[in-house]
Asks: 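Sharing a structure here in structure tokens format.
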Amino acid sequence: MTNISRRTFGTLATASLASLAAPPLLHAKGSARLVIIGGGFGGASSARFARIAFPHIDVTVIEPQRSFVTCPYGNLLLAGSKTLSDITHDYGALKRRGVNFIHDWAEAIEPDKKQVRLRSGKTVSYDKLIVSPGIGIKWGALPGYDQDAAKILPHAWVPERGEQVLLLRKQLEALPDGGVVGFAIPSNPFRCPPGPYERISLVASYLKKHKPRAKILALDAKDAFSKQGLFQDAWNELYPGLIEWVPGSKDGKVVAVDAKNKILQTEFGTRHKIDVGNVIPPQSAAKIAVEAGLTNETGFVPVNPYTFEAIKAKDIHVIGDANIAGPMPKSGFIANSTSKQAVASAIALLEGREPPKDPVYFNTCYSHVGDDYGISVVGVFRPSDKGFVETPNSGGVSPRGPLADTKAQRRLEARYADSWYASITKDAFG
């Protein structure tokens with residue numbers, strides 16, 4: 001891939017989103033009901049866009065929490081530069097826009113009746129359903145790692161109200177100087193491909209300042225990862241000798257966990273004793289998507305790449321981490337970007353029109369690796385008859401080079417990251 005400027009990327013993204021709302025609206029008879037399951041990046045972005053572009057549609061979000069804690073920037077909480085309140089967003093602005101919220105758990109989808117059954121026993125009827133429930137953890141898929149084990153070796157990968165991230169932060173604070181922080185990183189696919197490596201970097205930043213004799217052992221089921229060269233350049237320059245990354249081919253795949261004794265066991269039988277552990281377990285689409293029969297053998301939901309309608313169910317459009325969209329990553333930016341196309345397509349189909357043609361899906365992923373040190377990757381994707389494809393020569397990664405030559409670039413990338421976070425959270429929750 002080649003590099004493109006942030007200015008060019010922003011112009012392309014703005015133009016793409018504007019095109020979705022460009023066709024004249026044909027008002028349905030009565031008030032059609034768009035129901036959205038999930039209030040994260042995908043669900044909130046869908047609701048906001050629907051209210052702006054299709055004000056004649058009734059929009060309801062089913063979300064048990066009254067605020068949303070983001071995965072992006074959660075690693076900065078571990079580093080000590082952010083607090084939980086900094087990454088928590090409420091739904092007040094969306095409610096003022098006219099979005100209806102039902103703060104309850106969506107227990108089941110009943111496609112034949114076109115309704116969602118809630119934990120309270122009530123049902124919500126829909127004409128079109130957007131499902132954006134995020135991921136589910138496959139408890140027990142990694143032997144020894146269940147919900148009780150997560151209380152000792154937190155995953156901190158499904159934020160909910162932030163309990164897991166706060167637990168990991170508390171454990172880092174209690175880590176003895178000279179202790180070992182272990183990471184268990186799964187095979188693809190999982191939420192946020194660069195996330196574990198940003199987390200390793202920011203935990204290293206904390207340890208360097210407060211526990212300089214501590215070490216990180218990163219056990220990885222893979223032999224390669226997103227932005228690998230950039231991360232490893234940063235580790236060598238910022239944290240020399242602090243991080244040991246073990247790829248799968250060198251016995252890095254964790255196959256069992258002994259949470260009580262804080263041991264990570266790898267494929268060839270090696271048992272690694274750690275003091276603090278972050279186990280990122282195997283994942284699937286969230287439970288409601290699985291139980292609704294929307295998933296396939298991958299555990300995720302296959303969708304029409306032009307409309308995001310589930311292959312297995314009419315009138316249900318699945319976005320965000322729950323669907324199968326490779327080579328697009330499971331990221332907050334993709335959830336936000338594709339939500340517009342999903343909503344525009346759903347309403348067009350509901351009103352007897354053609355969905356928007358030739359959509360373009362954008363992703364940019366920033367990672368903080370230290371103070372004033374950011375890196376990024378950009379991708380541009382399109383749908384095709386064979387699924388989602390990356391547009392050739394459309395994206396790229398930050399330039400590599402020694403910190404002495406790239407310090408200004410790294411500082412700018414960190415600022416771009418902050419601007420990106422402010423922008424995407426406003427676009428979703430503002």
Asks: According to salt bridge (charged side-chain N to carboxylate O under 4.0 Å, His left out), who are the partners of K330, at least two apart in sequence or on a separate chain?
Replies: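 Salt bridge (charged side-chain N to carboxylate O under 4.0 Å, His left out) check on K330 returns nothing, list empty.
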
Asks: If we ignore hydrogens and angles and just use 3.5 Å, is the side chain of K312 paired with the main-chain N or O of P302 as donor and acceptor?
Replies: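 No; zero donor-acceptor contacts below 3.5 Å.
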
Asks: Could you label the plane-to-plane angle of the F231 and Y197 rings as parallel, tilted or perpendicular, counting under 30° as parallel and over 60° as perpendicular?
Replies: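 F231 and Y197: tilted rings.
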
Asks: Is the distance between the ring centroids of F68 and F429 less than 6.0 Å?
Replies: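 Yes.
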
Asks: Restricting to non-hydrogen atoms, name the atom on D223 and the atom on W245 that form the minimum distance, rounded to 0.1 Å.
Replies: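 Scanning both residues completely, I find the closest heavy atoms to be O-CH2, 3.5 Å.
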
Asks: Is the number of heavy atoms from other residues, nucleotides or ligands within 6.0 Å of CZ (R411) greater than 12?
Replies: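 Buried by this count: over 12 neighbours within 6.0 Å.
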
Asks: Give me the atom names and distance for the closest heavy-atom approach of H368 to A417.
Replies: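 In this case the closest contact between H368 and A417 is NE2-CB, 3.6 Å.
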
Asks: If you take all heavy atoms of P399 and R410, which pair is closest and at what distance?
Replies: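 Smallest interatomic distance, heavy atoms only, reads O-NH2, 2.9 Å.
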
Asks: Parallel, tilted or perpendicular for H89 and Y421, by the 30°/60° rule?
Replies: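 Tilted, since the angle between the ring planes falls between 30° and 60°.
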
Asks: Taking F388 as the fixed residue, which of Y306, F308, F381 is the one that meets the ring pair (Phe, Tyr, Trp, His ring centres under 6.0 Å) rule?
Replies: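 Output: one option passes, namely F308.
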
Asks: Using the six-membered ring of Y206, assess whether NZ or CZ of K211 lies under 6.0 Å from its centre and within 45 degrees of the ring axis.
Replies: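 Geometry flag: not set, cation outside 6.0 Å or 45°.
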
Asks: Do H103 and Y91 have a side chain donor and acceptor closer than 3.5 Å?
Replies: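 Not at all, the side chains of H103 and Y91 share no donor-acceptor pair under 3.5 Å.
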
Asks: Quick check: does any side chain N or O of Q228 sit under 3.5 Å from a backbone N or O of F225, one acting as donor and the other as acceptor?
Replies: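 A pair under 3.5 Å: yes.
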
Asks: Taking all non-hydrogen atoms of both residues into account, name the closest pair between V257 and L153 and its distance.
Replies: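 Heavy atoms of V257 and L153 come nearest at CG1-CD1, 3.5 Å.
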
Asks: Report the C-alpha separation of E309 and K128 in whole Å, then their side-chain angles, then the decisive distance to 0.1 Å, and conclude whether the salt bridge (charged side-chain N to carboxylate O under 4.0 Å, His left out) test is met.
Replies: CA-CA 10 Å; E309 191 168 33; K128 280 287 188 177; 3.7 Å; yes

Asks: Go through R66 and D90 one step at a time and tell me if the salt bridge (charged side-chain N to carboxylate O under 4.0 Å, His left out) criterion holds.
Replies: CA-CA 6 Å; R66 294 184 179 273; D90 65 35; over 6 Å; no

Asks: Do you know which two heavy atoms are closest between P355 and L349, and how far apart they sit?
Replies: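 What the structure gives for the nearest pair is CG-CD2, 3.9 Å.
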
